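If you're wondering where the values come from, they're calculated on a predicted model, not measured in any experiment. Residue indices begin at 1 and follow the sequence shown.
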Amino acid sequence: MERSSMLRAVVIGSSALGLGMLLASLTGLELGTTGFDFHWHISAVPAFLIGAAVAAGYWRLVFRLGAGADKRSSRRRLYVASGFLILLAIAVFMYPLRFVAAERRHEVFIGLGVALGALTCLGAMISVAIRMLQADDAAGRATEAADESR
């Protein structure tokens with residue numbers, strides 16, 4: 001992936017745009033008479049820039065690690081950055097809950113628990129599938145190497 005500069009630009013650009021717009025949209029979220037309302041705030045501009053910078057920085061860490069530059073410290077930075085993004089995602093997801101009426105919060109939290117369980121199961125299935133494919137790929141390479149040595 002790190003060899004294609006066009007793909008790299010698309011990945012970085014689209015992630016930066018997405019995270020920037022996500023954070024910018026949160027600045028305009030307000031409780032209205034019929035639910036959520038969005039109102040433009042000048043704070044959306046710095047929120048967008050911060051989100052775009054965070055996403056671009058994250059992908060630069062990923063690509064630097066993929067290029068093999070200083071694996072140990074790059075891997076540690078990537079883990080820290082990934083943890084930060086997970087915490088940011090949780091915070092962004094939970095932020096609109098402050099607008100939920102107190103009598104509805106119990107139902108919302110039950111739904112969130114069900115969604116979390118479903119996503120955990122999906123993540124576990126994807127993880128198992130990736131491990132199986134990696135093991136199959138490694139076995140295929142070992143077989144090819146053994147065939148070539150004959």
A.B. asks: Supply the atom-to-atom distance Tyr58 OH to Leu19 CG, rounded to the nearest 0.5 angstrom.
C.D. replies: 12.0 Å
A.B. asks: Should we count NE2 of His106 as having more than 12 external heavy atoms under 6.0 Å?
C.D. replies: no
A.B. asks: Go through it in stages, so that I can follow the logic: the residues are Met21 and Phe48, the test is side-chain contact (heavy atoms from CB on, under 4.5 Å), and I'd like the CA-CA distance, side-chain angles, deciding distance and then a yes or no.
C.D. replies: CA-CA 6 Å; Met21 291 302 288; Phe48 175 84; 3.9 Å; yes
A.B. asks: If you round to the nearest 0.5 Å, how far is CG of Leu78 from CG of Leu85?
C.D. replies: 9.5 Å
A.B. asks: More than 12 heavy atoms of other residues, nucleotides or ligands under 6.0 Å from CZ of Phe93: is that the case?
C.D. replies: no
A.B. asks: Atom OH of residue position Tyr95 - does it have more than 12 heavy atoms of other residues, nucleotides or ligands inside 6.0 Å?
C.D. replies: yes
A.B. asks: Same hydrophobic cluster for Val54 and Met94, using side-chain heavy-atom links shorter than 4.5 Å among ILVMFWY?
C.D. replies: no
A.B. asks: Is there a side-chain contact (heavy atoms from CB on, under 4.5 Å) between Leu112 and Leu97 once you walk through the steps?
C.D. replies: CA-CA 11 Å; Leu112 288 175; Leu97 291 179; 3.7 Å; yes
A.B. asks: Would you check if the side chain of Ser127 reaches a backbone N or O of Gly123 as a donor-acceptor pair within less than 3.5 Å?
C.D. replies: no
A.B. asks: Among all residues two or more places apart in sequence or in another chain, which pass the side chain to side chain contact (heavy atoms under 4.5 Å, CB included) test with Val80?
C.D. replies: none
A.B. asks: According to a hydrophobic-cluster definition based on side-chain heavy atoms being under 4.5 Å apart (Ile, Leu, Val, Met, Phe, Trp, Tyr only), do Leu119 and Met125 belong together?
C.D. replies: no
A.B. asks: For the atom pair CZ (Arg8) and CZ (Arg60), what is the distance rounded to the nearest 0.5 Å?
C.D. replies: 7.5 Å
A.B. asks: Quick one: closest heavy-atom pair of Arg98 and Arg105, and the distance?
C.D. replies: O-NH2, 3.8 Å
A.B. asks: Tell me the closest heavy-atom pair linking Ser25 and Phe38, and the distance in Å.
C.D. replies: O-CE2, 3.5 Å
A.B. asks: Do Tyr79 and Ile86 share a hydrophobic cluster (ILVMFWY, side-chain heavy atoms under 4.5 Å, transitive)?
C.D. replies: no
